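Working notes, beginning with the structure itself.
Chain letters run A, B, ... following the sequence lines, proteins first and then strands; every chain starts at 1. Remember, predicted model here, so these are calculated numbers, not experimental data.
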Amino acid sequence: MADTAVQEPKKYTAKDFQSDQDVRWCPGCGDYSILAQTQRVFPDIGVEKKDIVWVSGIGCSSRFPYYMETFGLHGIHGRAPIIASGLKMARPDLSVWVATGDGDLLSIGGNHFIHACRRNIDIKVLLFNNQIYGLTKGQYSPTSEFGKITKSTPWGSIDHPFNPVALALGAECTFVARSLDRDPKHLQTIIRAAAEHTGTAFIEIYQNCNVFNDGAFFHLTEKGQKEENVVVLEHNKPLIFGANNDKGIRLDGFTPKIVSIENSEFSKDDLLVHDENKNDDVLAFILSRMTYDPDLPTPVGIFRKTYKPTYDTEMQKQINKAIEKRGEGDLDKLFNEGETWVVE
Amino acid sequence: MADTAVQEPKKYTAKDFQSDQDVRWCPGCGDYSILAQTQRVFPDIGVEKKDIVWVSGIGCSSRFPYYMETFGLHGIHGRAPIIASGLKMARPDLSVWVATGDGDLLSIGGNHFIHACRRNIDIKVLLFNNQIYGLTKGQYSPTSEFGKITKSTPWGSIDHPFNPVALALGAECTFVARSLDRDPKHLQTIIRAAAEHTGTAFIEIYQNCNVFNDGAFFHLTEKGQKEENVVVLEHNKPLIFGANNDKGIRLDGFTPKIVSIENSEFSKDDLLVHDENKNDDVLAFILSRMTYDPDLPTPVGIFRKTYKPTYDTEMQKQINKAIEKRGEGDLDKLFNEGETWVVE
Amino acid sequence: METNKANQHKKTETIEEVVIHFAGDSGDGMQLTGSQFTTSSAIAGNDLNTFPDFPAEIRAPAGTTYGVSGFQIHFGSRKIHTPGDISDVLVAMNPAALRVNLKHLRDGGTIIVNNQGFTPKNLKLAGYDKNPLDDGSLSNYQIHKVDISKLTANALEDLNLGSKVVDRCKNFFALGLMYWMYNRPVEPTLSWIKDKFKNKPELIEANTRALKAGLHYGDITEIFTTRYEVRPAKLKPGTYRNITGNAALALGLVAAAQKSGLEMYLGAYPITPASDVLHELSRHKNFKVKTFQAEDEIAAISAAIGAAYGGALGVTATSGPGMALKMEAIGLAVMLELPLVIADIQRGGPSTGLPTKTEQADLFQAMFGRNSEAPLCVLAAATPSDCFTMAYEAVRVAIKYMTPVILLSDGYIANGSEPWNIPKASDLEKLDVTFHTDQENFLPYSRDKKTLARPWAIPGTSGLEHRVGGLEKQDKTGNINYEPENHQIMVNYRAEKIERIANDIPDAAVDGDKEGDLLIVGWGSTHGAITSAVERSRTKGKSVSHVHLRYLNPFPKNLGEILYNFKKILVPELNKGQLSSLLRSKYLVPAVGYNKVQGLPFKTAELENKIDELLRG
Amino acid sequence: METNKANQHKKTETIEEVVIHFAGDSGDGMQLTGSQFTTSSAIAGNDLNTFPDFPAEIRAPAGTTYGVSGFQIHFGSRKIHTPGDISDVLVAMNPAALRVNLKHLRDGGTIIVNNQGFTPKNLKLAGYDKNPLDDGSLSNYQIHKVDISKLTANALEDLNLGSKVVDRCKNFFALGLMYWMYNRPVEPTLSWIKDKFKNKPELIEANTRALKAGLHYGDITEIFTTRYEVRPAKLKPGTYRNITGNAALALGLVAAAQKSGLEMYLGAYPITPASDVLHELSRHKNFKVKTFQAEDEIAAISAAIGAAYGGALGVTATSGPGMALKMEAIGLAVMLELPLVIADIQRGGPSTGLPTKTEQADLFQAMFGRNSEAPLCVLAAATPSDCFTMAYEAVRVAIKYMTPVILLSDGYIANGSEPWNIPKASDLEKLDVTFHTDQENFLPYSRDKKTLARPWAIPGTSGLEHRVGGLEKQDKTGNINYEPENHQIMVNYRAEKIERIANDIPDAAVDGDKEGDLLIVGWGSTHGAITSAVERSRTKGKSVSHVHLRYLNPFPKNLGEILYNFKKILVPELNKGQLSSLLRSKYLVPAVGYNKVQGLPFKTAELENKIDELLRG
Ligand SMILES: Cc1ncc(C[n+]2csc(CCOP(=O)(O)OP(=O)(O)O)c2C)c(N)n1
Ligand SMILES: Cc1ncc(C[n+]2csc(CCOP(=O)(O)OP(=O)(O)O)c2C)c(N)n1
Ligand code: SF4
Ligand code: SF4
Ligand SMILES: [Mg+2]
Ligand SMILES: [Mg+2]
């Protein structure tokens with residue numbers, strides 16, 4: 001956080017970010033890993049603990065702030081992005097983070113989310129996407145697959161899921177990424193990249209809810225499956241995947257296709273090369289579309305990273321400009337604006 | 001509306017759709033044209049008046065239902081898409097239309113809008129986008145341009161506007177189009193196409209608010225300007241525009257570029273050919289990105305039209321399936337489910 | 001039939017009522033154990049009342065006090081009104097369960113613990129320095145240390161199951177032991193096991209064995225010398241089932257939809273403790289019940305309003321925070337004068353509060369939570385099975401008066417259960433709905449002379465095209481109208497319509513004498529505790545009567561009269577005095593509140609003491 | 001200096017007070033005309049009170065009755081409390097304006113009409129069969145038909161302006177005429193014109209000429225024989241300006257932010273009639289006021305809560321429907337115990353209701369609109385300038401008690417104006433805020449002994465890292481806690497904290513004798529009408545006193561005592577009896593309501609009659 005690192009920050013360890021509260025997630029929950037990776041990364045982001053605030057809504061994932069030894073606000077369901085936005089506007093010096101769930105962010109909180117994106121307010125949003133409502137014990141969520149059988153859909157869900165990455169892109173988000181609870185290294189990299197970004201940073205994290213939706217992402221996280229099902233996006237690198245790194249993604253028009261790069265007509269050089277900084281977000285959008293395509297690997301990594309002025313700095317700028325132009329506010333002058341008259 | 005045209009509908013004229021209420025918009029308001037075009041198209045959509053419902057939120061535009069001689073529900077601010085959704089679910093036989101404004105739909109109502117899109121509920125949404133809050137007398141809206149000076153932003157707005165077409169695409173909307181209040185013919189075509197679509201149909205209509213945002217779209221609607229600034233999307237046709245139809249849009253990678261097709265290296269055949277039915281919505285997304293690009297013409301027409309099962313029919317199907325499987329509900333059986341015992 | 005025969009050398013003692021509390025980790029299956037015991041007791045013919053109590057965390061780390069899940073059942077041969085203030089028997093699967101629940105065990109009560117659960121680690125997690133089973137600190141109780149885990153494992157030894165699976169069967173051992181002790185029929189549970197695990201024969205075998213092992217253990221070991229017999233209660237003849245409040249509420253709605261010929265449309269968003277209404281209704285699609293899990297509570301009610309406009313029975317169900325979000329839309333429903341049932345299953349607050357705990361503090365919100373004058377009908381269910389009756393009644397009022405109706409329930413009766421005397425569908429009151437069809441002089445805001453209801457004119461009806469909305473509307477035509485006199489007329493109509501419902505509801509019934517020293521006025525889930533306390537006080541010769549309100553707006557017409565006939569009025573509530581404030585304001589009576597806001601229901605004894613105090617003072 | 005000298009042959013009559021009503025189409029500039037007349041009258045030293053009244057439509061089709069926009073001003077040489085029940089003079093620019101307002105003109109009153117506005121088309125639009133100017137139907141009034149349009153056009157003839165522009169100047173002609181008639185200073189308006197059109201010299205010229213033409217017309221024509229003199233009122237010495245309630249409210253907040261050293265953060269979403277608070281505050285960025293137009297009302301308050309957590313002065317402003325949406329978040333603020341000011345500028349309801357009309361019906365919502373027990377402080381401003389005082393007070397209470405405060409205003413005082421005795425910034429009470437910094441034993445939910453406020457510990461403070469949230473929290477530590485006793489303690493604390501504010505606010509003041517036959521208890525914008533009615537009744541020798549409440553929760557400590565000293569209590573409210581219900585409930589006094597829900601303020605005469613009736617009966 002460029003604007004907060006005024007003084008040399010203390011040297012922390014992951015432990016410094018552990019609060020004294022018992023962690024109350026179900027044993028085996030993917031949330032533990034997200035917490036651990038965050039605590040591992042935070043010593044490096046160059047911000048003092050006192051200047052970090054975690055804001056959340058309601059859900060299993062939204063208990064996150066209690067476990068981080070920073071400031072924290074456990075808000076109400078769906079409102080974390082906007083509570084965080086208000087805080088960031090009032091206090092641009094703080095590093096403001098949001099922990100949220102797929103219900104919290106995309107169901108009740110969808111509007112605040114897309115508005116945060118378009119404003120490009122400098123907050124970082126970590127979506128714990130377990131494709132289920134955990135805390136309320138297992139109803140389907142806006143990211144659950146069509147046909148899902150849950151407590152509230154005993155006959156199968158008839159909702160088409162959101163593609164959170166595509167939604168964020170459609171809402172003009174400047175940093176859009178995806179990672180996995182069970183890939184600690186990757187998750188750390190992405191959290192670090194979000195910390196470095198100035199502007200709204202959105203990370204969709206696939207997270208296993210082992211109680212109500214166990215294994216939803218095992219094809220993307222477990223050895224022997226993930227190799228064929230995940231393609232890692234890296235800036236300026238071609239899209240290669242497969243257990244033997246023998247496959248790649250090639251664009252046919254706008255359509256990504258799998259090609260073999262071993263003993264085939266194609267080589268590395270024919271593959272789509274990722275460019276996360278593309279200012280038009282079309283490439284990112286094409287990549288986002290691979291997510292629900294059963295024939296294509298799921299991309300993880302940074303889809304898009306671009307820069308534009310943030311809402312909080314623009315707001316501060318206007319204040320400064322106003323003061324420059326008019327001088328610091330003088331109450332007596334303000335009171336006496338317009339027509340006045342004197343009664344003796 | 002395939003499923004409603006059970007009996008041969010009556011022959012109507014535009015006049016049949018005029019209610020007995022005085023139209024109370026400001027003289028000169030673009031809303032009048034939208035009303036007129038709708039009333040002109042409705043006799044042809046093959047639905048009886050009694051089976052049509054207009055639902056709206058709050059705003060100048062949301063007064064629309066009062067002027068249509070159909071059923072109408074003037075709801076509360078932002079909730080029209082979801083009131084309409086509930087109605088359509090309960091009554092799939094009705095033709096349900098939403099009239100809404102840029103504040104109503106994209107500010108307070110943003111979440112209901114994106115959820116309606118992803119569900120693909122069969123409602124038609126007409127967004128009267130005047131890039132301003134009309135009814136509350138002139139605050140900026142989520143589609144107002146950056147820097148806009150209004151009553152609530154005397155120092156200029158610092159919000160980056162939504163691109164409603166891109167947002168709808170990111171939210172998986174199956175029919176996405178744009179038209180103009182001052183192009184009656186085009187608007188009629190688009191309304192007709194929306195009526196024919198099964199699934200969520202979204203039309204962004206640029207509308208002049210001559211009191212609080214006069215001329216916002218004059219470069220797209222006025223003779224001498226519109227020719228160079230608008231490109232009309234037509235299915236299977238190349239993107240040609242210009243006063244003399246001498247320019248076209250060509251794709252350079254994903255990037256649309258203007259090329260001359262008169263005395264130049266390019267001809268019609270080199271141009272991007274529009275395909276509104278493309279199931280992946282990348283082309284539509286690319287086109288949507290032209291909107292705010294000062295160097296490119298603004299596309300109007302149908303960006304995307306695709307088919308997938310609608311929420312309302314899926315819901316009805318489940319009911320039918322349940323009845324088929326279990327027989328029509330029998331209360332006594334229901335009451336006596338599970339363990340029972342008799343007290344004599 | 002598998003039965004539960006007594007070992008002949010053990011004596012059997014007949015008792016009138018018992019309270020048992022099952023407690024263990026969230027993963028220990030205590031809710032299941034409790035509900036099986038409940039079914040068995042119901043079939044044994046007892047009256048009963050239950051109260052499950054579980055943590056807000058889904059599955060808090062094993063062994064912690066905040067992860068304890070409990071289930072209390074009170075059953076007897078006489079009328080049972082509550083799950084019991086304190087328990088006679090505590091079944092504790094680990095130290096945390098013991099620690100949390102000991103304070104609610106009566107002196108001299110029985111403790112049955114799972115010995116293997118008392119590991120050093122678990123003791124520490126529960127905050128015990130020493131093992132309470134050994135240090136004499138439980139000498140006030142009859143303590144039975146049973147090797148439940150070990151005995152279960154022994155019984156399952158040759159099945160070759162994983163140790164986790166084996167461990168999950170230990171609750172059935174405990175259940176078996178309690179079945180033995182209280183002479184309960186085993187058959188219902190055996191057939192439940194068969195049904196539940198029909199695709200996993202090994203689990204049928206395992207759980208059956210564990211259950212029987214518990215049963216036989218009681219029979220054989222020397223430590224249990226007495227069995228208890230709790231005779232059937234004298235219940236009204238009929239067919240019964242055990243039912244929770246949420247299930248009853250859902251069934252009441254389905255029944256009302258069927259009897260009125262309306263299709264039901266539920267718009268809901270999950271929230272504890274209301275989600276089960278959504279879950280239950282989602283199952284009944286063959287009753288043409290459409291259920292919609294919306295994006296939030298505002299969407300849920302807005303969709304239901306849309307559906308009601310279309311002629312469906314619009315319903316939404318939620319709890320406190322969700323209710324707060326619905327208020328603007330409820331105002332619209334008031335203005336549209338459409339029928340709508342809004343169920344609020346109250347929970348502890350404010351804000352997110354105590355999601356899994358009970359409270360009665362949304363009465364004010366139900367009455368007044370909207371902008372401007374937006375009156376509607378407010379009903380409250382008193383017991384789990386009463387949720388059926390009041391849900392049915394909510395629909396009746398909503399469609400007859402074309403008004404939203406708020407039905408208040410709470411976590412306590414929503415999750416608690418009691419035997420329900422199952423009605424015959426044909427005996428339920430018929431609910432009449434006629435959609436308006438007459439085109440002649442159709443006026444959307446004309447009114448029925450008696451009820452002041454406006455016509456329900458739904459889309460699809462030729463010639464009735466018209467517009468409604470949230471702006472003030474002209475009397476009769478419903479067109480937008482801002483005239484002062486018209487506004488006054490419409491405001492008055494909306495108020496008067498709700499007041500007239502009073503002509504159409506039963507008089508408040510006084511339990512006890514019609515005049516006397518003390519009247520207790522209650523509402524909602526406090527019914528059981530108040531009834532018990534009043535019974536006890538009367539036995540002691542006190543002049544105490546009880547009125548329990550199911551109609552909170554409007555009040556029954558005779559309420560004022562009743563109030564004026566008592567010297568003192570006590571209003572016990574699980575809030576800071578909301579009903580009492582309404583009564584004071586309306587009737588100018590010096591009602592005093594007895595208020596408790598602890599996320600827990602009243603205890604009978606608390607109320608009894610309060611009554612004593614008032615009648616003394 | 002341009003002055004307004006009388007033509008010597010016309011006589012001048014001195015009168016004590018006048019009510020003028022300007023009315024015309026929405027596009028006729030009547031609000032501007034009214035506000036210019038107001039400024040001029042203020043500078044003339046009169047006390048005054050104004051009431052603008054405009055349609056919900058932005059610009060309804062010209063000539064319709066629902067498109068009429070009006071502005072009423074009441075000014076005098078004595079204390080003026082209201083804009084006047086009925087007007088002495090009606091300036092009507094077209095038939096619709098005449099039709100709508102005639103009923104509020106006193107018998108024998110003066111009508112000045114723009115002759116050219118009475119075209120057949122306009123007559124028809126207004127629903128007149130015949131021209132009322134000619135058919136004798138106005139014989140009860142002194143009617144002056146003036147060719148306003150034509151005379152204006154004449155005056156501007158040689159300027160070569162479009163006819164539309166010329167037509168838009170006609171309101172200045174009317175204004176000039178009224179200036180002449182009431183001897184008002186012209187200078188303020190002339191300089192306003194110069195400033196307003198500083199980049200359009202032709203408009204300066206046009207409007208100036210129109211104004212002067214009106215002025216001279218009065219002087220010259222024979223039809224006006226009398227001018228009136230309204231002497232300066234005896235106002236408290238000081239510097240004055242005219243101020244609307246919304247502007248005053250905004251300034252009060254800015255002042256409080258400055259005096260407390262906090263930066264203000266307003267989260268708002270536009271809504272009539274609260275939008276002007278947003279507009280006004282948006283201008284004052286050089287006071288470090290951050291204003292945020294949010295995506296909706298929930299976002300607006302949530303952002304303000306976030307800002308308050310960060311140490312800003314969090315504010316949000318809205319009206320009824322928006323208020324309903326904020327309730328869940330207000331519950332969170334109650335739980336977080338953060339300072340927050342929530343201004344509710346009430347309007348007609350329910351639902352969307354009558355957006356541009358006034359009402360006082362959100363008191364219940366402010367008190368009770370949240371789930372569970374979520375008490376907070378409720379204040380109400382009584383007059384436009386009182387909005388300044390009460391906004392300041394709202395901030396004081398919020399930061400001292402670490403609580404959300406709801407400040408109630410309404411459309412009537414928000415848009416209405418009166419002279420404001422401008423305070424000196426240095427005389428305003430200093431507001432102390434100390435953010436907590438001490439790391440030793442920091443407990444986020446420890447409490448100040450006197451106020452019970454918790455410490456405000458903001459991010460950025462070393463060693464104070466801690467978590468807060470909407471779940472019930474442990475006493476002192478603020479950690480999540482579900483224990484029954486703790487919940488009771490916290491519920492009690494939150495209630496007690498609000499009650500203690502009563503120790504810190506002024507006693508209720510009785511206007512009149514401290515005991516007597518009748519006490520009128522009012523709140524909010526009814527202040528003026530009640531004051532006038534009580535004055536008049538007392539002149540008639542009646543024993544009537546008046547208490548006006550600015551603190552609605554908690555009530556002033558001495559209120560009960562006051563109430564008990566009167567035989568009867570009358571509570572006039574623009575709702576169905578909300579304050580009266582609170583008083584009855586709390587004090588068990590037989591307060592009776594006088595209720596009007598018509599989107600309009602009380603008339604003095606209505607209240608006077610009611611007083612007569614009560615003291616007779
Ligand atoms: C206003 C409101 N509505 C509903 C709820 C109930 N609720 C709590 S969390 C939640 C959804 C949880 O799902 P998600 O956001 O995916 O988080 P997870 O538990 O899966 O991490 C719901 C519906 C609430 N607390 N508040
Ligand atoms: C809950 C609520 N908040 C705010 C308002 C005030 N309001 C009415 S319409 C409107 C916005 C209008 O803008 P838009 O939707 O663009 O419609 P337009 O008037 O421009 O057609 C607002 C903020 C309201 N009626 N209800
Ligand atoms: S319910 Fe699921 S998401 Fe919630 S804590 Fe348990 S495993 Fe994690
Ligand atoms: S304010 Fe603007 S949008 Fe509204 S009616 Fe007038 S011109 Fe049309
Ligand atoms: Mg989830
Ligand atoms: Mg608009």
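Using a 4.5 Å cut-off between heavy atoms, D:Leu336 touches chain A through its side chain atoms alone. Interface residue D:Pro423: backbone and side-chain heavy atoms are both found under 4.5 Å from chain A. A:Asp330 touches chain D through its backbone: at least one of N, CA, C or O sits under 4.5 Å from a heavy atom, while the side chain does not. At a 4.5 Å heavy-atom cutoff, the contact between D:Tyr265 and chain A is made by side-chain atoms alone. Heavy atoms of D:Ala247 lying under 4.5 Å from chain A are absent altogether. Residue D:Ile422 touches chain A through its side chain alone, counting heavy-atom pairs closer than 4.5 Å. Heavy atoms of D:Ser191 lying under 4.5 Å from chain A belong exclusively to its side chain. In this structure, chain A has no heavy atom under 4.5 Å from any part of D:Trp192. Of the two parts of A:Glu324, neither the backbone nor the side chain holds a non-hydrogen atom closer than 4.5 Å to a non-hydrogen atom of chain D.
By the 30° and 60° cut-offs, the orientation of the rings of A:Phe64 relative to A:Phe128 is perpendicular. By the 30° and 60° cut-offs, the orientation of the rings of D:Trp420 relative to D:Phe388 is tilted.
Chosen from A:Gly327, A:Ala90, A:Gly72, the residue pairing most often with chain D at heavy-atom distances under 4.5 Å is A:Gly72. Ranked by heavy-atom pairs shorter than 4.5 Å toward chain A, the options D:Ala304, D:Gly469, D:Ala303 are led by D:Ala303. Comparing D:Val254, D:Ile298, D:Asp195, D:Leu428 by how many heavy-atom pairs each has under 4.5 Å with chain A, the most go to D:Ile298. Counting heavy-atom pairs under 4.5 Å between each of D:Lys259, D:Glu263, D:His284 and chain A puts D:His284 at the top. Interface check for chain A: of the options D:Met264, D:Glu328, D:Lys236, the most heavy-atom pairs under 4.5 Å are formed by D:Glu328. Counting heavy-atom pairs under 4.5 Å between each of A:Asp20, A:Val53, A:Ile323, A:Leu334 and chain D puts A:Leu334 at the top. Of the listed residues A:Ala322, A:Ala84, A:Pro81, the one with more heavy-atom pairs under 4.5 angstrom with chain D than any other is A:Ala322. Note on A:Val342, A:Leu331, A:Ile52: by heavy-atom pairs under 4.5 Å with chain D, the leading option is A:Leu331. For the options A:Glu344, A:His74, A:Lys325, A:His77, heavy-atom pairs under 4.5 Å to chain D are most numerous at A:His74. In terms of non-hydrogen atom pairs under 4.5 Å with chain A, the most contact-rich of D:Ala312, D:Gly470, D:Ala255, D:Gly45 is D:Ala255. Most heavy-atom pairs under 4.5 Å with chain D, from the set A:Arg24, A:Arg63, A:Lys321: that is A:Arg63.
Residues D:Leu464 and D:Gln439 come closest through the heavy atom pair CD2-CA, 3.9 Å. The minimum heavy-atom distance between D:Arg467 and A:Met68, with the atom names listed, is NH1-O, 3.2 Å.
Checked for salt-bridge contact, A:Arg118 and D:Glu295 miss the test: no charged N lies under 4.0 Å from a carboxylate O. Under a 4.0 Å N-O distance rule, the pair A:Glu69/A:Lys15 does not qualify as a salt bridge. No salt bridge links D:Glu418 with D:Arg241; every basic N to acidic carboxylate O contact stays at or beyond 4.0 Å. For the pair A:Glu314 and A:Lys317, the salt-bridge criterion is met [side-chain N within less than 4.0 Å of a carboxylate O].
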Begin with the C-alpha distance, continue with both residues' side-chain angles, and end with the deciding distance and a verdict on side-chain contact (heavy atoms from CB on, under 4.5 Å) for D:Leu431 and D:Tyr392. CA-CA 10 Å; D:Leu431 303 177; D:Tyr392 199 88; 3.9 Å; yes

For D:Asn246 and D:Glu280, what are the C-alpha separation, side-chain angles and deciding distance, and is it a side chain to side chain donor-acceptor pair (under 3.5 Å)? CA-CA 8 Å; D:Asn246 272 347; D:Glu280 178 70 23; over 6 Å; no

Run A:Glu337 and D:Arg283 through salt bridge (charged side-chain N to carboxylate O under 4.0 Å, His left out) and show every step you take. CA-CA 12 Å; A:Glu337 251 186 19; D:Arg283 294 173 49 229; 3.2 Å; yes

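Partner of A:Tyr67 under the ring pair (Phe, Tyr, Trp, His ring centres under 6.0 Å) criterion, chosen from A:Tyr32, A:Trp54, A:Trp25: A:Trp25.
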